[in-house]
Every structure is written in C-alpha cells, then in structure tokens.
Amino acid sequence: HSMGGWVVAHTAAADSGLIGAVMISAGDMGRLGSVPREALVALMADDMESLAGVTAESMAEEIRTNAKAFGFGNTSEGLSRLPLLVLTSDDGYAPVANALVKAIEVNGGKKATSLHVATDHSWSDRRIRLESEILKWLADLR
C-alpha cells in the first residue's frame, strides 16, 4: 500500500548510487504519528501484508516514536539530485505527494515528474497505464 512509496522516498534520498526512482500512490508515514493509537494499530493491521517479525502494535509504536524522522520532508533534499517519477491516484495521498514534489523543487531538484490518474490506490483498473507510464519514464532515463 502507501508504505512502499514511502520506503522508496527514504531509500532513494539516502542512496546516491541510484539513477532514478518511482513512487506509486505513496503516503507519508510520518504524518501518521498524530493518529490516535487505536486507530493507528487498526490501520497498521490492514497494512502489514507480508512483513515478518512485526505486529500491528509494534508498527504503530514505531511510527509514533519516529514520526518526525519518517516524514517526507526529510527526503526532499536527497531526492532533489535524481530523476523521480511520482504517480498519484484517487486514494487521498496525492496532496502529500504533490507537496513532496514542490519541496524537491525548492531544494533545486529539476528532475521530478508527477502524474495523477483517476484510479484506486492499487491502480487495479489502470495496470496497463501504470506499466506504460513507468516504461516511458525509464526509456527517457537513458
């Protein structure tokens, strides 16, 4: 879910060896630090997928403890140096992703491209469009 795009942002910001990165329907986990604990546990229970060695409670506690460090704001400087494709959908996370792109531009980044498509978080009915946009972007990296 939204966690994958968040991991991409933090990983790409810290890894100078990457030549580019793609964020798909990314959410800012740092913003969840202010969500009431019980609601956050419920959200994490639905977002655990195949993560091993964690519980919804441990994930919620980690987010609450590290909310400031986990914020997208900490990634904009690192992301400003590499090509980035930010794909958003109708899942409610688009404003946060758009704010990240603006922050990257403020940090001098000129290689962030964003695209919004009217679809669900998983791009269920737009998979071919998702594939096409990524392949086109990758071809332009050469």
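Not measured: the values here are computed from a predicted model.
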> Distance from Asn107 atom CG to Leu79 atom CG, nearest 0.5 Å?
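Asn107 CG to Leu79 CG: 9.5 Å, rounded to 0.5 Å.
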> To the nearest 0.5 Å, tell me how far Ile104 CD1 sits from Phe72 CZ.
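Answer for the CD1-CZ pair, Ile104 versus Phe72, is 9.0 Å.
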> Indicate the atoms forming the closest heavy-atom contact of Ser124 with Thr119, along with that distance.
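Heavy atoms of Ser124 and Thr119 come nearest at N-OG1, 4.1 Å.
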> Could you measure the distance from the CG atom of Asp90 to the CH2 atom of Trp123? Nearest 0.5 Å is fine.
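Those atoms lie 9.5 Å apart.
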> Do Ser89 and Ser25 get their side chains close enough for a donor-acceptor pair, meaning under 3.5 Å?
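Distance-only check passes for Ser89 and Ser25.
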> Heavy-atom distance under 4.5 Å between the side chains of Leu40 and Pro36, does that happen here?
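Answer no - side chains too far apart.
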> I'd like to check Met29 versus Glu62 (side-chain heavy atoms, cut-off strictly below 4.5 Å). Are they in contact?
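When only atoms from C-beta onward are counted, Glu62 and Met29 do not touch, as no gap falls below 4.5 Å.
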> Using modelled atom types only, decide if a donor and an acceptor are shared between the side chain of Arg64 and the backbone of Val35 within a distance under 3.5 Å.
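Yes, the answer is positive, given that a donor and an acceptor are paired below the 3.5 Å cut-off.
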> What I want to find out is whether Arg129 reaches Glu133 closely enough, with some N-O distance under 4.0 Å, to be called a salt bridge.
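Salt bridge: yes.
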> Got Asp91 and Asp120 here, is their nearest side-chain heavy-atom distance under 4.5 Å?
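No. Closest side-chain heavy atoms not under 4.5 Å.
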> Between Leu138 and Leu115, is there a shared hydrophobic cluster once you connect ILVMFWY residues whose side-chain heavy atoms come closer than 4.5 Å?
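Per the 4.5 Å side-chain linkage, Leu138 and Leu115 are co-clustered.
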> Under a 4.0 Å N-O cut-off, is there an ion pair linking Lys102 with Glu105?
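No.
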> Determine whether Glu57 and Met44 make a side-chain contact, defined as any pair of heavy atoms from C-beta on separated by less than 4.5 Å.
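When only atoms from C-beta onward are counted, Met44 and Glu57 do not touch, as no gap falls below 4.5 Å.
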> Any donor-acceptor pair under 3.5 Å linking the side chain of Asn74 with the backbone of Lys68?
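It does hold such a pair.
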> If every non-hydrogen atom of Trp137 is compared with every non-hydrogen atom of Thr113, which pair is closest and at what distance?
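Distance-wise, the nearest heavy atoms are NE1-OG1, 4.4 Å.
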> Among side-chain atoms of Asn98 and His116, is any donor-acceptor pair under 3.5 angstrom?
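Not at all, the side chains of Asn98 and His116 share no donor-acceptor pair under 3.5 Å.
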> Between Tyr93 and Thr88, is there a side-chain heavy-atom distance shorter than 4.5 Å?
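They are not in side-chain contact.
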> Tell me, yes or no, whether the heavy-atom count around Glu61 atom CD, taken from other residues, nucleotides or ligands under 6.0 Å, exceeds 12.
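Atom CD in Glu61 is packed in, count exceeds 12.
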> Check the pair Val8, Val22 against side chain to side chain contact (heavy atoms under 4.5 Å, CB included), reporting the backbone distance first and the verdict last.
CA-CA 7 Å; Val8 167; Val22 178; 6.0 Å; no
> Going by heavy atoms in the side chains, are Ile19 and Leu82 under 4.5 Å from each other?
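Sidechains of Leu82 and Ile19: no contact.
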> Indicate the atoms forming the closest heavy-atom contact of Ala21 with Ala12, along with that distance.
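Ala21 and Ala12 have their closest heavy atoms at CB-CB, 3.7 Å.
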> So, do Ser80 and Lys111 sit near enough that their side-chain heavy atoms are less than 4.5 Å apart?
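Contact flag for Ser80/Lys111 side chains = no.
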> So, taking the atom named CG in Leu85 and the one named CD1 in Ile24, what distance separates them when rounded to the nearest 0.5 Å?
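Between Leu85 CG and Ile24 CD1, I get 8.0 Å after rounding to 0.5 Å.
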> Start with the C-alpha gap between Leu87 and Ile134, add the side-chain angles, then the distance that decides, and say whether side chain to side chain contact (heavy atoms under 4.5 Å, CB included) holds.
CA-CA 9 Å; Leu87 300 169; Ile134 293 171; 3.9 Å; yes
> Distance check, rounded to the nearest 0.5 Å: Trp6 atom CH2 versus Thr11 atom OG1?
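Answer for the CH2-OG1 pair, Trp6 versus Thr11, is 8.5 Å.
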> Give the C-alpha distance, both sets of side-chain angles, the deciding distance and a yes or no for side chain to side chain contact (heavy atoms under 4.5 Å, CB included) between Arg37 and Val41.
CA-CA 6 Å; Arg37 188 178 191 290; Val41 169; 3.5 Å; yes
> How far does CD of Glu131 sit from CZ of Arg126, to the nearest 0.5 angstrom?
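Result: 15.0 Å between the selected atoms.
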> Are the side chains of Met23 and Leu100 in contact, using a 4.5 Å heavy-atom criterion?
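Answer yes - side chains close enough.
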